[in-house]
Every structure is written in C-alpha cells, then in structure tokens.
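As a basis for the values below, the full set of heavy atoms in this structure was taken, side chains included, without hydrogen atoms, waters or symmetry mates.
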Amino acid sequence: MQDARFARSPVGHLEPITVVESGQSVDHVAFVPDPLPETIDLAPAVWNRAIEAGNHLGRLDSLARELLPNPTLLARPTIRREAVS
C-alpha cells in the first residue's frame, strides 16, 4: 500500500497493525475509514436520479434472469479485472 496516498485523507486515517506472516510479526498499516453520516443531504434532483438508476438496475436484473442461463459468466471477467487492477 502506498501509505503517503492515505496519510492525509479527509475520509479516514491509517492505523498501525501487526500481523503474523510465516511465523514472524510484521508491522503494517491499515486504512480505517471514518464512520458514515446518519443522513445524507442530497438535492431532490440527485435523489430522483438515484431512484431512476435503481429502477433501471432492477429491470436489467430481471431481464438477465430471464435471458441468460448463467449470469455469473458475465460478472466473473469483470470481477477478475478489478482484482488484477
């Protein structure tokens, strides 16, 4: 992990940790995000777009279940690409 990229984060902090690797204690750091707020103040237009996006995702999910024999085949390469990056 590039510690410097997270050292002055406005959304969390680095926490020193010790882990055991191959029987040896190794010092590392972990990024701990700040807690999420209780409420999120968004403009009504943003909420409407979020609701619209959720509706479209629901429709897409419904179509995928009807038309694709195994929808995981489409997701697996994307998940692999994300893991590699």
Of the non-hydrogen atoms in S25 and T18, which two are nearest, and what is the gap between them? CB-CG2, 3.8 Å
Distance col, row L42:CG vs R49:CZ, nearest 0.5 angstrom, shows 13.5 Å
To the nearest 0.5 Å, atom NE2 of H13 lies from atom CZ of F31 at 8.5 Å
Please determine whether the number of non-hydrogen atoms from other residues, nucleotides or ligands lying under 6.0 Å from atom CD of E82 exceeds 12. no
To the nearest 0.5 Å, what is the distance between CD1 (I51) and NE2 (H56)? 12.0 Å
Quick one: does F6's side chain get under 4.5 Å of V32's, heavy atoms only? no
Quick one: CZ on R81 to OG1 on T78, what's the gap to the nearest 0.5 Å? 5.0 Å
Rounded distance (nearest 0.5 Å) linking atom CD of E52 with atom CG of N55: 8.0 Å
